[in-house]
Structures are given as structure tokens and as C-alpha cells.
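So that the names make sense, note that chain A is the first sequence line, chain B the second, and so on, each numbered from 1. Keep in mind the model is a prediction, meaning the values are calculated, not measured. Hydrogens, waters and symmetry mates are skipped; everything else that's a heavy atom, side chains included, is used.
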There are 2 protein chains.
Amino acid sequence: MINQKQIANDLGISVATVSNALTGKGRVSEDVIRLVTSRAEELGYFPSAAGRALKTGRSGILGLVMPDITKPVFPKFAEGVEAEAEKCGFGILIANSRSTEEGQTKAIKQLIQRGVDGIIVLPQRRTAPNINRVPYATASTASDPNNTVAANHTQGGQLAAHALLDLGHRNFLLLGSDALSPVQKDRIEGMIEVLNGAAQYEVCWVSESFPDLVQKNQDGVTAILTTSDLLALRAVTEAERSGLKCPEAISVMGFDDLPLATAVRPTLSTIVPDTTELARRLVAYLDAAIRQEPTLPTPSIVDMTIVLRESTGPVATQFPNPTRR
Amino acid sequence: MINQKQIANDLGISVATVSNALTGKGRVSEDVIRLVTSRAEELGYFPSAAGRALKTGRSGILGLVMPDITKPVFPKFAEGVEAEAEKCGFGILIANSRSTEEGQTKAIKQLIQRGVDGIIVLPQRRTAPNINRVPYATASTASDPNNTVAANHTQGGQLAAHALLDLGHRNFLLLGSDALSPVQKDRIEGMIEVLNGAAQYEVCWVSESFPDLVQKNQDGVTAILTTSDLLALRAVTEAERSGLKCPEAISVMGFDDLPLATAVRPTLSTIVPDTTELARRLVAYLDAAIRQEPTLPTPSIVDMTIVLRESTGPVATQFPNPTRR
DNA sequence: CTACGATGATTAAACGATTAACCAGAGAAT
DNA sequence: ATTCTCTGGTTAATCGTTTAATCATCGTAG
């Protein structure tokens, strides 16, 4: 293995000078710097992560704790965090909390033992991670008191509701899949805030059985707002199977802009969280905390945007439910 | 920070004894072992990753290079690798090759600089990673000469074709999205092997424009085999939109068993790669290589399984295409 | 009674990089 | 000529753990 000692011996100088030359600290002449860097290049030298970590107390690695990377919301997030971390010179060690609190604490402990400099946690169910040895940042919902950044799920819900109100819809079905999820609750709440007084609506938490969309449509429902693209997909396909054209008979709005949103016909209108920006702020916060900067970024909220595709359209002008038998 | 020196001082013994007591090496009396472990427990001690790594030359971390974690095939894989690695005491450092060869070599270099003990690469486009400092394992297609394990994509394709032949279908449309992908080529090839002589088929690589399914159906096609659940989803929804019921008028088979497969109606029949087993073998190989075991596992191939859901059914008995206008 | 093997613990040297403290030499100022 | 400062470099200690080599003690066998 090639180390600084090797380079030092080759050039007849001391390791300290080699280190100084390579890191730019201390006092070294331009000539020696050139000599050292070129020899280092020749030998294919790069500093030992372990040696540096031991001395400096920094590993250059951040831990990322996610509930379940197979759930399609998280990969985009992971990607964003990885990209941002790389820009700041950090690597990303992943850990799986398996959507449980015990799993979460276990994952955090493991990461600390592996020597990470900081931890990013996506807590589920509003659990507050208990970390004392290293700085950490959480991305939770805006309503969560202890978060570093939050996606504005409520505002996302508002966006969805506004868009369909603008298209003339006045009778909504709001679909969620998990009434205990703070994220979903916030999204639904945002929708309700906008719809209250302006339209009729019904909230439905689907677990096993899916609501009878034909029935709902006959009752006047022309728009479905969901808390996830997966639910939207289910709604669209259930609707079309029963002869309800989307968006002609019924509009459907998704959430999260998953890869499937553009793979399905009609393509899904959806609400997009800015995962890149969330990742950017999380990493920036941790970076500052790790470098012990005097002032740290304060908790902030990132708004969502809307992308209108084929699954939403204006409310039918003539007869509201053309499929009535 | 709590270290072995602390424990040693507390108990009036030497650090070497502490180390020996904790690792079970050397010669230490049972009494001292008990003393040391209990004191370590009290203080909440755990070994410094950096210190240990520096001395032993092992970081206990594996690198995972994937083309693009936002593509829905990869998260399941990452999950499997993480779980298996954890069982062997390894952590997983992720790196993004951005689906390019330069990105791949850059990612590998970064991982090595961070001191990983081994690297798992999911190479795309049959690129052979050039790694010399640490052992590595690749998961490629069976037709790729330099792989550690491979999912049997060809056999997966055969499975798909067989299943629909058994259901009575005799006229197939094979859909792929990327004719350059070795994985997709292998899958299609497997299908063709089985269909040759037994049925009529047409291969179609879709990029922007999707084939006219009504037209195809009128031409006699009753089954669509795809190389991905995303394509299958597209096919199902395109079909149902044009009035072709799935599976009554046309059967659709997916690939990979993505989360969306059960979120759509009809639920997608699909071919499932055993990512857990793939991950297990990759990690096992690396573990053996890192421990310098004399004999390493030889390259092997993991078969796929089929799961039949709602999107496939028996070929229509009476009139093959009931939607003819 | 002495030598020896076994046992249990200690000493000290790594591993590779960083960094505070120190030192030699040259030029400038007094 | 002497001191002072600045420059460019070296020495040595340090981070925390592991491990080979060494040492002391004690029971036992020759």
C-alpha cells in the first residue's frame, strides 16, 4: 500500500512535509508541493481513510436512515441525498429502520458505531430519534415539532384541491391509505382546508376494500384526490375498468410523482415534493453542524409543486355522470 | 469519548488486556473478561471504527454501485444487499454510476478511497469494472462472461412464454423498451426460444410511440409479454382505454414484480427475480474473498419464479377479438 | 531443589495521517 | 556584529486498536 512515508522516502523529505504539501496546510515551498503532488500522482497515492479518520475524528461519511427503501417514495430521496452529500465530500451509509421505532434506534446505533459524522433520519410516525454522539437532521412533516426541514405536505394538499376546484369540480373523494401516517394526514388536511365551504367532499381511508367508484360517481363525485400515486393508479384503473373514463368522467390526482406516473395511461397528474431541495438543506445543515459552525440553518419548509398531466381535466359540462345505466 | 484506555485505567489493568478481553483473543482470565465487559457496558463503550480499521486494514464496509436507484428495479436489490451485508457485519456505502461507464469508474474510485473492503457492482451495458485494490462482485446477466452471480433472465422469459402458452395463447406481442440492454435482450430471447414453432409472435421495441393494441388484437394477438412491469402497466392501461378488457380480451405479463404490480387493476402477473438470493450470494462471495478464503464460490445463476395474478387468463374461447367494430 | 510448562497479564510497536512545537538558515534591521 | 523576523522544513506526539513479544507467577514433574 502506498502511503505518505513512501513518498517522503522517495523524495528524501519528511512525512510531515508530504502531508502539508498535499493538504495545503503548514509552510511548504511551491517547488516541494509540485514535487510531492507529482510523485503522489505517479504512485497512485490517495490518503488512507482510516488513518485520516483516526487523527481528525472525521470519517467523511453520513448515515441515512430510511423506513423502507423498497417503498417507491424513498429512492428519489436517497438519490438526492447521495448527490448532495457527494458535493460536500461525504459518502452515504444506508440503514434500514424497517418502519419500526426499535429498528430505527438500532439502525442509528449501528451507524454511530461505524463512525459516521452525522445522521439523516426520515422518521415515521413522528418518532423523535435519540442521538447524542453525532449531529443529526430529520426530514419530517411541517407539523412535526422536531424537524430540520419538512416538505410542505399541507400546502401540497392545498395545491391539489385548488387545481381541481379551478377545473370546475365541486364534489370530491379524498383517498388515503394510512390514517396513522402524519404525512398522509397533513396532505388530506390541506385538501380539506381548501375544499371547506367551496365544495362537497368525503374522506375515505382504504385498507383492503376499495370504494365503489361507480356508486360515488352516481352520487356526484367527479374528482378524486389521493395521498399517493399508487392510490391514484389504483383509482384510475378501478374507474376505467368500471367504464368510468378518466379524466372525462372522473379526474384523479396523485402524489409524489413516482416513476409509474408517466408509465400509465392516462398519465397521472400529481403533486411533486422537491426532494433535491430537501436533500440539499439536510446535508447543508449537517455539514454546518459537523464543522461546528456557530450559527446553524434554522428549520425550514419546502413547498411542493404541481404537474398536470392527463388524469385530470375539466368537469364534464353537460351530464355529470355519462355512465349511468 | 470512551476508549479502551479509559476502561483500563478504571480497572487498573493494561489496554492490551482490555482489547483481548473484548475480542476474545489472547489469554485473559474469565474473571477479568467479566470485569471488562461489564465496565464497558456501563460506560457505553464501543470500539472506534477508525482505530480498528487503521490497525486491521478492514473497515467493515462494502460499496454498492448501482446505475440509478430511482429506477424501480434497484431498490429491492439494495434492500437485499443491505440486509445480507448486515448479517455478515458489513455496512453498505452507496454510489451512483449514473448509468454511464465514466460514472461507474468514478464511483468505484470514490468507494475505494473511502476505504471499503469490497465492492458490489451492478454493471449496465456489459461494462467490466476495473478494480484492483479490493475484491468485487458483479451481478450481471447470465450471458455476461465476467459475473459473480446472475439472475436467469432467459429462463424468466421462458417462464413467461410457457405460462401463456399453457393458457392457450398462440399469438404474442413481445414488448421491450431498450434494445441495447443485455437484460432485456436475454428476457426476450428466452420468450422467443419457447415460442418458436409453438406460436406466432412479433417483437416490438417501444420508445416514444406505443403500438396500436386494438390493431394488434384484430390481427389476432391475445397475449403481450413485456420486459418490465412498467411496460406491462402501460400495455394494460392502453388496452383498457381502447376497450380491450384485460385479461378477457388480452393477457399481459410483466417483469420484476414492482410495487405497482399489486396497486393496479387488474393486478399484474409477473416474473420475479430472487433478489434476496442474488444479494446473499454476492455478499457471501465478497465475504469469502475479503477473508482471503482459499476457495471462493464459483459464478452461479439464480432462477426466477412466476406469480400469476389478474392480468393473465385463458385465451378467449369463442370469438378471439370481441371488440371488433 | 531446580527447571519447566502453563497461565495471565504487561510492554511496546505498529497502522497512516495530522499538527503543535521546534529548529536551521537567510536576509533585514538596529 | 548582534538580534529579529520570516521562510521552509523537521521532530515527535497523537488518534484508538490490535498483536507479537516479553515477563512474572505458580504448580508440578523430574
Side-chain angles (χ1 to χ4, degrees), chain A residues 1-37 39-40 43-61 89 112-117 133-134 290-292, chain B residues 1-37 39-40 43-61 89 112-117 133-134 290-292:
Chain A
M1 192 80 322
I2 299 116
N3 51 19
Q4 294 187 347
K5 193 168 167 185
Q6 194 120 144
I7 299 178
N9 288 346
D10 275 23
L11 299 174
I13 58 181
S14 74
V15 281
T17 303
V18 173
S19 174
N20 283 331
L22 291 173
T23 59
K25 303 185 176 177
R27 289 183 302 217
V28 192
S29 68
E30 288 296 323
D31 291 359
V32 173
I33 289 184
R34 261 190 298 278
L35 231 60
V36 170
T37 50
R39 188 94 192 96
L43 294 175
Y45 165 84
F46 53 82
S48 144
R52 176 173 282 178
L54 180 56
K55 176 62 187 180
T56 63
R58 301 257 174 81
S59 63
I61 292 180
I112 293 180
Q113 296 200 359
R114 292 200 184 282
V116 299
D117 292 339
R133 302 206 199 221
V134 298
I290 290 168
R291 290 215 302 257
Q292 313 230 34
Chain B
M1 192 84 317
I2 298 115
N3 51 18
Q4 295 186 348
K5 193 168 168 187
Q6 193 121 141
I7 300 179
N9 287 347
D10 276 22
L11 300 172
I13 59 180
S14 75
V15 283
T17 303
V18 173
S19 175
N20 282 332
L22 291 173
T23 59
K25 302 185 176 178
R27 290 183 304 220
V28 192
S29 68
E30 288 297 322
D31 291 359
V32 173
I33 289 184
R34 262 190 298 278
L35 231 59
V36 169
T37 51
R39 188 96 193 94
L43 294 176
Y45 165 85
F46 55 81
S48 145
R52 177 172 282 178
L54 179 56
K55 177 63 188 179
T56 63
R58 302 258 173 82
S59 62
I61 292 180
I112 292 178
Q113 296 201 356
R114 292 199 184 283
V116 299
D117 293 339
R133 302 205 198 222
V134 299
I290 290 168
R291 289 215 304 258
Q292 313 231 32

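- Residues meeting the side chain to side chain donor-acceptor pair (under 3.5 Å) test with A:Asp117, sequence neighbours left out: A:Ser59.
- Under the side-chain contact (heavy atoms from CB on, under 4.5 Å) criterion, A:Leu35 pairs with A:Leu11, not counting sequence neighbours.
- A:Val18 comes within 4.0 angstrom of no nucleic acid atom, judged by non-hydrogen atoms across all strands.
- In this structure, CD of A:Glu30 is placed 10 Å from P of D:dG9, rounded to the nearest angstrom.
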Under 4.0 Å protein heavy-atom contacts per nucleotide of nucleotides 15-27 of chain C, with B for base, S for backbone only and - for none: BBBBB--------

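- B:Leu43 places its CG atom 15 Å from the C1' atom of D:dG16, with the value rounded to the nearest Å.
- Between the two ends of the helix from C:dC1-D:dG30 to C:dT30-D:dA1, each summarised by a five-pair axis, the helix axis turns through 70° (rounded to 10 degrees).
- Residues A:Tyr45 and A:Ile2 approach most closely at CD1-O, 3.4 Å, considering heavy atoms.
- In this structure, the side-chain contact (heavy atoms from CB on, under 4.5 Å) partners of A:Ala50, at least two apart in sequence or on a different chain, are A:Ser48, B:Ala53, B:Leu54.
- Sorted by first and then second residue, the salt bridge (Lys or Arg N to Asp or Glu O under 4.0 Å) pairs involving residues 48-61 of chain B (not counting sequence neighbours) form an empty list.
- When side chains are defined from C-beta on, B:Arg133 counts as touching A:Met1, because their heavy atoms get closer than 4.5 Å.
- Counting to the nearest Å, the P atom of D:dT10 and the CG atom of A:Asn9 are 12 Å from each other.
- Listed by first then second residue, pairs satisfying salt bridge (Lys or Arg N to Asp or Glu O under 4.0 Å) with a partner in residues 8-32 of chain B read B:Asp10-B:Arg39, B:Asp31-B:Arg34, not counting sequence neighbours.
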Strictly under 3.5 Å: I want the nitrogen or oxygen pairs between protein and nucleotides 24-27 of chain D, one per line.
none

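- Minimum interatomic distance between B:Leu43 and B:Gln6 (heavy atoms only, all atoms of both residues): CD1-CG, 4.3 Å.
- In this entry the distance linking CG of B:Asp31 with C1' of C:dT7 reads 13 Å, nearest Å.
- Here A:Ala21 pairs with A:Val28, A:Ile33, A:Val36 under the side-chain contact (heavy atoms from CB on, under 4.5 Å) rule; sequence neighbours left out.
- Residues forming a side chain to side chain donor-acceptor pair (under 3.5 Å) with B:Thr17 (at least two apart in sequence, or on another chain): B:Ser14.
- Listed by chain and residue number, nothing satisfies the side-chain contact (heavy atoms from CB on, under 4.5 Å) test with B:Ala49 (two or more places apart in sequence, or in another chain).
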